[in-house]
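Data first, discussion second: the structure below is written as structure tokens.
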Amino acid sequence: MLWIKSFHIIFVVAWFAGLFYLPRLFVYHTEVKAADTEGYQRFCTMERRLMVMTTIGMIGTWVFGLWLLSQFPGYMKAGWLHAKLTLVLALSGYHGWLKTRVRAFAEQRNTRSAKFYRIMNELPALGLLAVVILVVVKPF
Ligand code: HEM
């Protein structure tokens, strides 16, 4: 069980590295000058590669998280678990949205501003804060 939990946490860290850094890359990508095609393409490559690592992190988090859950059938009735899973679903949706943005930049059809990505960049931090408190403190 402790092995499963260790790998669950390792994949969570890999997932969040991407959730934190991808929107930050979008901020810098938005600010690249129109004439700098080489700079623009370099960001596309970084985003595509980071997206792959982030997706591996998300899949591993779900696989090891659900495996861990199968070891604690009593948790299925716990309020904190329901709240945690709701937030994790929202974070998975955010992940899907990041993927659509990577594609939009690759196809040169991003219309959002750097300020917009700066604001979106704060959401995963709030998710992380809430999920870790829910799973460790188990307040309800
Ligand atoms: C993908 C769906 C997920 C499922 C089904 C899941 C399920 C679980 C379960 C059953 C435990 C064991 C709790 C215990 O031993 O008391 C656990 C531990 C943990 N989970 Fe998740 N989890 C998921 C996603 C996440 C995410 C996204 C995060 C971080 C943002 C996270 C962070 C943690 C941490 C830090 C622990 C260790 C808590 C402790 O040992 O006190 N989990 N998870």
Side-chain angles (χ1 to χ4, degrees):
M1 199 276 291
L2 289 178
W3 281 97
I4 307 171
K5 192 183 281 193
S6 300
F7 280 99
H8 179 55
I9 294 169
I10 289 163
F11 279 106
V12 165
V13 172
W15 187 21
F16 273 81
L19 293 187
F20 284 142
Y21 205 60
L22 272 162
R24 181 107 317 250
L25 279 177
F26 298 158
V27 171
Y28 303 139
H29 203 166
T30 309
E31 288 166 349
V32 171
K33 298 275 175 291
D36 183 5
T37 43
E38 201 181 305
Y40 188 94
Q41 287 308 324
R42 198 174 305 128
F43 272 106
C44 288
T45 307
M46 287 193 282
E47 287 158 2
R48 199 180 60 244
R49 291 187 180 156
L50 185 56
M51 192 73 233
V52 171
M53 192 212 81
T54 311
T55 301
I56 292 169
M58 180 180 73
I59 294 170
T61 300
W62 272 102
V63 169
F64 284 94
L66 292 173
W67 190 358
L68 206 47
L69 190 53
S70 71
Q71 314 290 304
F72 301 97
Y75 284 167
M76 291 305 285
K77 291 198 197 83
W80 64 266
L81 182 79
H82 299 162
K84 173 177 171 173
L85 289 181
T86 306
L87 286 168
V88 179
L89 280 173
L91 286 161
S92 303
Y94 181 86
H95 179 110
W97 173 76
L98 290 176
K99 199 161 186 167
T100 67
R101 296 292 86 208
V102 169
R103 207 171 302 136
F105 274 106
E107 294 168 2
Q108 308 221 357
R109 51 178 178 77
N110 172 59
T111 51
R112 303 291 194 173
S113 65
K115 189 172 173 210
F116 172 78
Y117 289 119
R118 266 184 230 280
I119 294 166
M120 292 306 277
N121 200 188
E122 304 302 327
L123 296 182
L126 298 177
L128 179 68
L129 189 83
V131 169
V132 171
I133 290 171
L134 281 167
V135 78
V136 175
V137 180
K138 300 184 175 57
F140 46 85

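Remember, it's 1-based here, ligands and their atoms both numbered in the order they're listed.
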inquiry  = Please check this pair: side chain of His95 against backbone of Met58, looking for a donor-acceptor N/O pair closer than 3.5 Å.
reply    = no
Student check: side-chain heavy atoms of Leu134 and Leu87 closer than 4.5 Å = yes
ask   = Just checking, any donor-acceptor pair under 3.5 angstrom between side chains of Tyr21 and Asn121?
value = no
message = Quick check on contacts: which atoms of ligand 1 are under 4.0 angstrom from a heavy atom of Trp15?
response = 27 (C)
Leu128: numbered ligand 1 atoms lying under 4.0 Å from its heavy atoms = 30 (C)
message = Considering non-hydrogen atoms of the protein only, which is the closest contact for atom 41 (O) of ligand 1, and what is the distance?
response = Val136 CG2, 4.0 Å
ask   = Which residue and non-hydrogen atom of the protein lie closest to atom 9 (C) of ligand 1, and at what distance in Å?
value = Leu68 CD2, 3.7 Å
remark   = Note: ligand 1 atoms sitting under 4.0 Å from heavy atoms of Phe16 are 30 (C)
ask   = Is Lys33 salt-bridged to Glu38, cutoff N-O under 4.0 Å?
value = no
ask   = To which protein heavy atom is atom 13 (C) of ligand 1 closest, and what is the distance rounded to 0.1 Å?
value = Tyr75 CE1, 3.7 Å
query = Heavy atom of Leu91 under 4.0 Å from ligand 1?
reply = no
ask   = So, does His8 use its side chain to make a donor-acceptor pair with the main chain of Thr61 at under 3.5 Å?
value = yes
inquiry  = Starting from atom 7 (C) of ligand 1, what is the nearest protein heavy atom, named by residue and atom, and what distance separates them?
reply    = Gly65 O, 3.4 Å
task = Would you mind listing which atoms of ligand 1 come within a distance below 4.0 Å of any non-hydrogen atom of Lys5?
result = 14 (C), 15 (O), 39 (C), 40 (O)
task = Among all protein heavy atoms, pick out the one at the shortest distance from atom 29 (C) of ligand 1; state its residue, atom name and that distance to 0.1 Å.
result = Val12 CG1, 3.4 Å
ask   = Do Val88 and Phe20 share a hydrophobic cluster (ILVMFWY, side-chain heavy atoms under 4.5 Å, transitive)?
value = yes
query = Quick one: are the ring centres of Phe105 and Phe26 less than 6.0 Å apart?
reply = yes
Trp62/Phe11 aromatic ring centres below 6.0 Å = no
query = Contact between Phe64 and ligand 1, counting heavy atoms under 4.0 Å?
reply = no
inquiry  = Just to confirm my output: which protein heavy-atom neighbour is closest to atom 37 (C) of ligand 1, and how far is it?
reply    = Ile9 CD1, 4.0 Å
note = Near Val131 (heavy-atom distance under 4.0 Å), the atoms of ligand 1 are 26 (C), 28 (C), 29 (C), 30 (C), 31 (C)
task = Check the side chains of Tyr117 and Arg24 for a donor-acceptor pair under 3.5 angstrom, ignoring hydrogens and angles.
result = no
message = Please check this pair: side chain of Tyr94 against backbone of Met120, looking for a donor-acceptor N/O pair closer than 3.5 Å.
response = yes
task = Would you mind checking which non-hydrogen protein atom is closest to atom 21 (Fe) of ligand 1, with the distance to 0.1 Å?
result = Lys84 NZ, 1.9 Å
Nearest-neighbour protein heavy atom for atom 34 (C) of ligand 1, which is reported as residue plus atom name and distance = Val135 CG1, 3.6 Å
key: Proximity winner for atom 23 (C) of ligand 1, if only heavy atoms of Met76, Lys138, Met58, His8 are counted   = His8
message = Within the 4.0 Å heavy-atom shell around Val88, which atoms of ligand 1 are there?
response = 1 (C), 2 (C), 24 (C), 27 (C)
query = Rounded to the nearest 0.5 Å, what separation is found between the CD1 atom of Ile133 and the NZ atom of Lys84?
reply = 13.0 Å
query = Linking I/L/V/M/F/W/Y whenever their side-chain heavy atoms sit closer than 4.5 Å, directly or via other members, would Val13 and Leu123 fall into one cluster?
reply = no
ask   = Taking the minimum heavy-atom distance to atom 10 (C) of ligand 1, which of Leu69, Leu89, Leu87, Leu129 ranks first?
value = Leu69
request  = Return a yes/no value for Trp62: is any of its N or O atoms, backbone included, closer than 3.5 angstrom to an N or O of ligand 1?
outcome  = no
